[in-house]
Amino acid sequence: MLRYLLIRALSLSLSLIVASVVIFAVIEVIPGDPAAFMLGLNATDTAIENLRAELGLGGSLVERYFAWITGMLAGDFGTSYTYRVPVAELVADRIWVSLPLAIFALILSTLIAVPVGVLAATNRGGFGDFSIMGVTQLGIAIPNFWFAMLLVLAFAVTLPWFSAGGFPGWDQPGPALKSLVLPAIALALPQASILARVMRSALIETLDQDYIRTARARGLTRGQTIRRHALRNALIPVLTIIGLQFSFLLAGAIIIENVFFLPGLGRLVFQGITQRDLVVVESVTMLLVFAVIVVTFLVDIAYAVVDPRLRRK
């Protein structure tokens, strides 16, 4: 088990190195000079060069890459070109919006998807299964930003139960949680549709195994067989999807954060792209990639916890 985890950690570390090179290269080839963008059309070449030197853009690509990486390893993510504050401070402020939103949406998605998927699998071919699959197909097809606007129209405009956007801060826990309800629902329902279909397929495949028929022959009821044997083995692909969904919810909520005017990481990246704030885009993207890799590693550990056969192997 220890050898397996060490190999996975090495593999994920190499993935992180490759990702850093790709992120830096992609950001660098984006057209436009941040210094020229900040100074405007009337800036002189001398002023632009001086600002480039001040922002640390004067060295070669290799020098800038290693300066960026060594700084991140030391906890220094650089200084934002636009806000003129450390990127670490911006991330620390914004992560407390994006992270609770992602966790909230993931919990909602899991609580909805797992029982719905089990219900569809245990009624395979019936009206309940057909209805659930139709609803989940609709949930996958509807864009989450359009669904978010419907939620605002229904529960913020027609029924003023929630605010249409904004975030009051965690010094007011009640209003803060309330402001995340509609965004979390908008993010969770499409993901719940995907997860429910995966849960159904995995459980149906498990229920067709020989050991399930053996368990029923020993006198276990259908519910006992599902709880004790089928459900646990069917969770392996579900854990994979949950890990991928958390990464998506943390990194891919740019549109939802803009719909609800939430000051999260997604909106920070979007603003950094529009303002040519390269150091913000690079650092935040790298942090999100790191989060994806860490979640993947935790999912690998969860495999061994759920399935004892992996520990023996």
Side-chain angles (χ1 to χ4, degrees), residues 9-10 12-39 48-103 167 169-170 246-258 261-298:
L10 178 61
L12 295 176
S13 299
L14 293 175
S15 300
L16 196 61
I17 294 172
V18 173
S20 68
V21 174
V22 173
I23 291 170
F24 184 82
V26 170
I27 296 298
E28 288 298 325
V29 300
I30 295 177
D33 186 347
F37 180 85
M38 294 171 64
L39 292 176
I48 292 175
E49 288 302 320
N50 290 337
L51 183 57
R52 285 180 58 85
E54 180 184 346
L55 298 176
L57 299 175
S60 66
L61 291 178
V62 176
E63 292 173 345
R64 287 159 54 192
Y65 169 77
F66 281 105
W68 172 56
I69 289 297
T70 53
M72 290 195 70
L73 291 176
D76 179 13
F77 300 148
T79 302
S80 168
Y81 303 158
T82 304
Y83 301 101
R84 295 303 179 97
V85 297
V87 177
E89 291 185 11
L90 294 175
V91 172
D93 290 338
R94 305 298 183 97
I95 192 66
W96 293 112
V97 177
S98 295
L99 184 60
L101 176 60
I103 294 174
F167 185 74
W170 287 111
F246 178 75
S247 304
F248 167 78
L249 292 171
L250 184 61
I254 296 177
I255 298 178
I256 295 298
E257 289 182 359
N258 278 276
F261 302 102
L262 296 176
L265 290 177
R267 199 170 184 206
L268 178 63
V269 171
F270 179 77
Q271 292 170 340
I273 293 172
T274 57
Q275 296 167 351
R276 292 291 299 161
D277 202 341
L278 300 185
V279 67
V280 170
V281 178
E282 289 174 345
S283 299
V284 175
T285 305
M286 194 64 205
L287 285 174
L288 294 175
V289 169
F290 178 74
V292 172
I293 289 176
V294 169
V295 170
T296 303
F297 184 68
L298 294 177

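Start at 1 with the first residue, then count along the sequence.
- Shown here are the side-chain contact (heavy atoms from CB on, under 4.5 Å) partners of Trp170, two or more places apart in sequence or in another chain: Trp96, Pro100, Phe167, Ala176, Leu177, Leu180.
- When all heavy atoms are compared, the tightest approach of Ser98 to Glu257 is OG-OE2, 2.8 Å.
- Taking Ile103 as the reference, Leu99, Ile107, Phe246 meet the side-chain contact (heavy atoms from CB on, under 4.5 Å) condition, with sequence neighbours excluded.
- Here Phe66 pairs with Val62 under the side-chain contact (heavy atoms from CB on, under 4.5 Å) rule; sequence neighbours left out.
- Contact check for Met286 versus Trp68: side-chain heavy atoms found under the 4.5 Å cut-off.
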Donor-acceptor contacts under 3.5 Å from residues 18-27 side chains, at least two apart:
from  : atom 1 : to    : atom 2 : distance (Å)
Ser20 : OG     : Ile17 : O      : 2.6
Ser20 : OG     : Tyr65 : OH     : 2.7

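- A donor-acceptor pair is defined here as one N or O able to donate and one able to accept, closer than 3.5 Å; such a pair exists between the side chain of Ser283 and the backbone of Phe77.
- Scored by the side chain to side chain donor-acceptor pair (under 3.5 Å) test, Glu282 finds no partners at all (sequence neighbours excluded).
- Each of Val97, Leu287, Ile95, Thr285 was scored for a side-chain contact (heavy atoms from CB on, under 4.5 Å) with Leu265, with one residue passing: Ile95.
- Partners of Val280 under the side-chain contact (heavy atoms from CB on, under 4.5 Å) rule, at least two apart in sequence or in another chain, are Ser80, Val87, Leu90, Leu268, Asp277, Val284.
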